[in-house]
Amino acid sequence: MSTSPFAVPRAPYAEDPAKSRGRRYQEDESRTRTPFARDRDRIIHTSAFRRLKEKTQVFVAHEGDQFRTRLTHSLEVAQIARSLATALGLDADLAETIALAHDLGHPPFGHAGEDELELQTKEFGGFDHNVQTFRVVTELEHRYPDFVGLNLTWETLEGVIKHNGPVIHKLGQPSWKAISKYDGEYGLKLDTWASAEAQVAALSDDIAYNNHDIDDGVEAGLFSLDELMDVPLIGPILAAVRSERPDLDARITRLEAVRRMIGAMVDDVMGETLQRAAITGVSSADEVRALPHALVSFSSDMLEDLARLREFLHARMYRHWRVNRTRSQARRILAEMFTLFLAEPEVLPSEWFAKSQNRDQAGRARVVCDYIAGMTDRFAIEEHRKLFHLDVWS
């Protein structure tokens, strides 16, 4: 019998679902899924996950259905994470689960929305989308009769809150109060790195957005393929595609270059990670956590190229006047709604008004923030119109 080239042996430092630290609330195990696969399915079925379909990545959702949204971005991250974890001999279900969950707490209008909610809640504890994601899966989603939240495994919760590295230094920030409280009751080892699977999810996020921002930026006309020729990483790849396949039109040339760039970044992470694993000799998931640095990483050369690529994207895309104009409009919408809801909570929908009662000012602000953070772009625009424009019917 031949052995499949994709049958990669399980890495000794991979997370083992059979040895999961379990869930906060005891449940019978699934007969058909591992604990991490069950977490994945719970995330997919949430209201928060569905709402990602109309939340901004870079372009507001109504600007065109060809651009990425938070949902399509999350799916791309999950696909890369699952493939990369499989190739590294890690638990693909856990990597995919964390990837699917990583943006659940993002408010409407992308980073503009996050910046505005942080400003509006500054005196009430602040806002952080990673903390909001954690709150979504531990308290804001209520789908089960015996507990609030999704009752995810310890490994998934750990990956959600610290996939980018230790976060112990953030616990003093007011916006991280919810994490500090939860950690006190259900320790998440916030002073260590997360699992290799969580680190794969974090790097997969970088791979996905760097590539699809190039794709969407060209599609939107913010810059051209020719302007990318001098940009590290994508420039040489684009030149190679044009040299090898001069018959291709601009669209297929762009897509082929992006496909190759994803492959180059994945290969780089694999090479660097396997080298670090060999050097450090890690032989368990807990040894991955105990390392003084990430196990899963880009090489130094790739990091340098990505820094220059991001400089280009910041200058030509993220701060383009068209994007800035949308950011400005989005921030005004959220600011005006936040101010109104806080001053007049009776105009909130009845269930949210009920939640705002018998609370101090900070508590009411958190309810308002949760309501706004859960909105899609389209809903926020429509809600603002209803609040500030009196329709006259003939």
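Because only heavy atoms are used, hydrogens play no part in the values below, and waters and symmetry mates are left out as well, while side chains stay in. Just so you know, these numbers come straight off a predicted model, no measurement behind them.
For the residue pair S20/E155, the side-chain donor-acceptor check at 3.5 Å is satisfied. Side-chain atoms of E76 and T72 include no donor-acceptor pair closer than 3.5 Å. The closest side-chain donor-acceptor pair between K170 and S175, if any, does not fall under 3.5 angstrom. Judged by distance alone, the side chains of R332 and S328 do bring a donor and an acceptor atom under 3.5 Å apart.
A salt bridge is absent between R308 and E311; no separation between the charged side-chain nitrogens and carboxylate oxygens falls under 4.0 Å. Using a 4.0 Å cut-off between charged side-chain N and carboxylate O, D286 and K189 make no salt bridge. A salt bridge does not link R143 to D41: none of the charged side-chain nitrogens sits closer than 4.0 Å to a carboxylate oxygen. A salt bridge does not link K181 with E139: every distance from a Lys NZ or Arg NE/NH1/NH2 to an Asp or Glu carboxylate oxygen is 4.0 Å or more. Salt-bridge formation is detected for the pair R259/E256: a Lys NZ or Arg NE/NH1/NH2 atom is positioned less than 4.0 Å from an Asp or Glu carboxylate oxygen. Look at D93 and R82 and you find a salt bridge, because one of the NZ, NE, NH1 or NH2 atoms lies within 4.0 Å of a carboxylate O, short of that distance.
Between Y209 and H73, the angle of the ring planes lies from 30° to 60°, which puts this pair in the tilted group.
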Please step through side-chain contact (heavy atoms from CB on, under 4.5 Å) for the pair I234 and I214, ending with a clear verdict. CA-CA 9 Å; I234 185 60; I214 289 173; 4.0 Å; yes
Evaluate salt bridge (Lys or Arg N to Asp or Glu O under 4.0 Å) for R70 paired with D377, printing each intermediate quantity in order. CA-CA 11 Å; R70 286 286 164 189; D377 297 358; over 6 Å; no
side-chain contact (heavy atoms from CB on, under 4.5 Å), that's the test. Do E27 and F147 meet it? Break it down for me. CA-CA 11 Å; E27 295 184 72; F147 49 80; 3.7 Å; yes
Apply side-chain contact (heavy atoms from CB on, under 4.5 Å) to the pair F109 and I381, showing each step before the final yes or no. CA-CA 10 Å; F109 309 126; I381 293 168; 3.8 Å; yes
Does E118 form a side-chain contact (heavy atoms from CB on, under 4.5 Å) with E114? I'd like the steps, not just the answer. CA-CA 6 Å; E118 167 60 25; E114 181 175 15; 5.5 Å; no
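In terms of heavy atoms, R276 sits closest to L295 at CD-O, 3.4 Å. For R289 against W154, the heavy-atom pair with the smallest separation is NH2-CZ3, 3.5 Å. Across all their heavy atoms, A81 and A201 have their closest contact at CB-CA, 4.2 Å. Between A380 and I333 the shortest heavy-atom distance is O-CG2, 3.9 Å. Of all heavy-atom pairs spanning R327 and A112, the tightest one is NH1-N, 3.6 Å. In terms of heavy-atom proximity, T153 sits nearest to P35 at CG2-CB, 3.8 Å.
Atom CG of L334 and atom CD of Q329 lie 12.0 Å apart (nearest 0.5 Å). Here D103 contributes atom CG and L71 contributes atom CG; the two are 10.5 Å apart, rounded to the nearest 0.5 Å. How far OG1 of T138 is from CG of L140: 7.0 Å, rounded to the nearest 0.5 Å. With rounding to the nearest 0.5 Å, the separation of NZ in K53 from OG1 in T376 is 8.5 Å. In this structure, OG1 on T86 lies 9.0 Å from CD on E96, to the nearest 0.5 angstrom. With values rounded to the nearest 0.5 angstrom, R50 atom CZ is found 11.5 Å from I44 atom CD1.
Annotation: cation-pi geometry satisfied between R24 and Y182 (NZ/CZ under 6.0 angstrom from ring centroid, within 45° of ring axis). In this structure, R42 is positioned above the aromatic face of Y144, its NZ or CZ under 6.0 Å from the six-membered ring centre and within 45° of the axis.
A donor-acceptor pair is defined here as one N or O able to donate and one able to accept, closer than 3.5 Å; such a pair exists between the side chain of E287 and the backbone of S283. Although no hydrogens or angles enter the test, the distance criterion places no donor-acceptor pair under 3.5 Å between the side chain of E382 and the main chain of F379. The main-chain N or O of A330 is never found under 3.5 Å from a side-chain atom of E116 such that the two would form a donor-acceptor pair. A donor-acceptor pair under 3.5 Å is absent between the side-chain atoms of Q199 and the main chain of S297, judged by distance alone. Panel note: side chain K55, backbone H106; a donor-acceptor pair is recorded below 3.5 Å. A donor-acceptor contact shorter than 3.5 Å is absent between the side chain of H389 and the backbone of K386. Under a 3.5 Å cut-off, the side chain of R359 and the backbone N or O of R364 do not form any donor-acceptor pair. Proximity of a side-chain donor or acceptor of D91 to a complementary backbone N or O of D16 within less than 3.5 Å is not detected.
In the displayed structure, R33 atom CZ is contacted under 6.0 Å by more than 12 heavy atoms of other residues, nucleotides or ligands. At most 12 heavy atoms of other shown residues, nucleotides or ligands fall within 6.0 angstrom of atom CG in N358. A 6.0 Å sphere centred on CD of E185 holds more than 12 heavy atoms belonging to other residues, nucleotides or ligands.
With contacts defined as side-chain heavy-atom distances shorter than 4.5 Å, the pair D216/M317 qualifies. Within the 4.5 Å cutoff, the side chain of I43 has no heavy atoms near those of the R40 side chain. A heavy-atom distance below 4.5 Å is not found between the side chains of P166 and D191. D206 has its side chain out of reach of M302: every pair of non-hydrogen atoms, C-beta onward, lies at least 4.5 Å apart. For the pair Y186 and L157, the minimum side-chain heavy-atom distance is below 4.5 Å. Side-chain contact between F298 and L306: present, with at least one pair of heavy atoms (C-beta onward) separated by less than 4.5 Å. Put simply, the side chain of L150 does not reach to within 4.5 Å of the side chain of D39, judged on heavy atoms. Taking the side chain as every heavy atom from C-beta outward, L75 and L100 approach each other to under 4.5 Å.
Note: the hydrophobic cluster containing L291 does not contain L188 (ILVMFWY, side chain heavy atoms under 4.5 Å, direct or indirect links). Tracing side-chain contacts under 4.5 Å through hydrophobic residues (I, L, V, M, F, W, Y), one reaches I207 starting from L228; they form part of the same cluster. No single ILVMFWY cluster, assembled from side-chain heavy atoms under 4.5 Å apart, contains both M375 and V131. Linking ILVMFWY side-chain heavy atoms closer than 4.5 Å, directly or via other members, places I98 and V137 in two distinct hydrophobic clusters. By the rule that hydrophobic residues join a cluster once side-chain heavy atoms approach within less than 4.5 Å of another member, F36 and Y25 end up as members of separate clusters.
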Sequence neighbours excluded and cut-off under 3.5 Å, please list the side-chain donor-acceptor pairs for residues 335-356, or say none.
{"unit_1": "E336", "atom_1": "OE1", "unit_2": "H384", "atom_2": "NE2", "d": "2.5"}
{"unit_1": "T339", "atom_1": "OG1", "unit_2": "A335", "atom_2": "O", "d": "2.9"}
{"unit_1": "S356", "atom_1": "OG", "unit_2": "F353", "atom_2": "O", "d": "2.6"}

Please list, one pair per line, the donor and acceptor atoms closer than 3.5 Å that link side chains of residues 262-270 to other protein atoms, with sequence neighbours excluded.
{"unit_1": "D268", "atom_1": "OD1", "unit_2": "S299", "atom_2": "OG", "d": "2.7"}
{"unit_1": "D268", "atom_1": "OD2", "unit_2": "S299", "atom_2": "N", "d": "2.8"}
{"unit_1": "D268", "atom_1": "OD2", "unit_2": "S299", "atom_2": "OG", "d": "3.4"}

